[in-house]
Protein chains: 2
Amino acid sequence: MYERKIPLNLNCGLDLIGEVLYGKWKMRLLWFINQGHKRPSELQRKIPDASRRVLTIQLKELEDHELISKVIYPVVPPKVEYSLTDFGKTLIPVIGAIGGWGDEHEERLRSLILKRLDSKP
Amino acid sequence: MYERKIPLNLNCGLDLIGEVLYGKWKMRLLWFINQGHKRPSELQRKIPDASRRVLTIQLKELEDHELISKVIYPVVPPKVEYSLTDFGKTLIPVIGAIGGWGDEHEERLRSLILKRLDSKP
DNA sequence: CAGTATCCGAAGGGATACTG
DNA sequence: CAGTATCCCTTCGGATACTG
């Protein structure tokens, strides 16, 4: 049985959603899958900055958390498709709100983030 | 000048909001500050699982990102108060949506998270 | 095409003790 | 009360090469 070394907090909604959405590319994966980009190679093309390994890992986590489901077609070459579960679909408006806020304040955010990095260590 | 070793992605709203909200306790800090819990010791009491050091760091980051502002009263013992900026206030509905989704699916999430941890390594 | 194995560095965050 | 300084370990994610 797995034992986390760093304590897990599951006290409130913010903790809980953190557990399923943390991971650098997860929200984008959900977003693109929702838009109909279902195959791993497609997602990889949509998110070229991510390594294939990490995409696979995060897709697996999303699947374990029942936000997406996976269908493997027994053909050569292999074909795989992901789709949102009903549960996963309920998250889309939330991700929309998050991304919407980010888009709305895009320039300001970019400048604040870069300013902070410049003055850091 | 600071240089990130791990690439920074600032391509879309989801990246940008990630930069300012990543950090284990940041959303909760904003939430509690919004509810009128302004002093560090108060926040510490609200979030006992976090160490004082990390709270200080994350408060500083929120301040650098102009989501909160800090007032230091020149008294002994020291007194400090944080408040949301107008910019920070625009985030509250988003955090509400995030936490709301988490609360709404609380039981299911908790069980999924724990199940995944159990079967992990 | 999809996924796995290995290796490694970066960054987050916890504990503790300390200062003003 | 508020904040800082160390120290250290966990976890995340990147690069690359490989298998079915």
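No experiment lies behind these values; they were computed from the predicted model shown. The chains referred to below are lettered A, B, ... by the order of the sequence lines, with proteins before strands, and numbering in each begins at 1.
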Rounding to an integer number of Å, can you tell me how far I72(B) CD1 sits from dA2(D) P? 11 Å
Base of dG14(D) paired with side chain of R53(A) (donor-acceptor, under 3.5 Å): yes
In whole angstroms, how far is the P atom of dG14(C) from the CG atom of N9(A)? 8 Å
Under-4.0 Å side-chain N/O to phosphate OP1/OP2 contact, S51(B) with dT16(C): no
Just call it for E42(A): base, sugar-phosphate, or nothing, with non-hydrogen atoms closer than 4.0 Å on any strand. nothing
Evaluate ring-ring contact (aromatic ring centres under 6.0 Å, His included) for F87(B) paired with H65(B), printing each intermediate quantity in order. CA-CA 9 Å; F87(B) 187 37; H65(B) 290 141; 9.5 Å; no
Hey, are D49(B) and N9(A) close enough side-chain-wise for a donor-acceptor pair under 3.5 Å? yes
Nearest-Å distance, CG (L29(A)) to P (dA2(C))? 14 Å
K60(A) NZ to dA5(C) P, straight-line distance once rounded to whole Å: 13 Å
Answer for the Watson-Crick or wobble partner of dT19(D), both distances under 3.5 Å, is dA2(C)
Mate of dG9(C) where both pairing distances stay under 3.5 Å, Watson-Crick or G-U: dC12(D)
Find the distance K79(A):NZ to dG3(C):P and express it as a whole number of Å. 13 Å
Strand partner of dC7(D), provided both Watson-Crick or wobble distances fall under 3.5 Å: dG14(C)
Comparing nearest nucleotides in DNA chain C, the 5'-proximal residue of the pair Y22(B), R39(A) is R39(A)
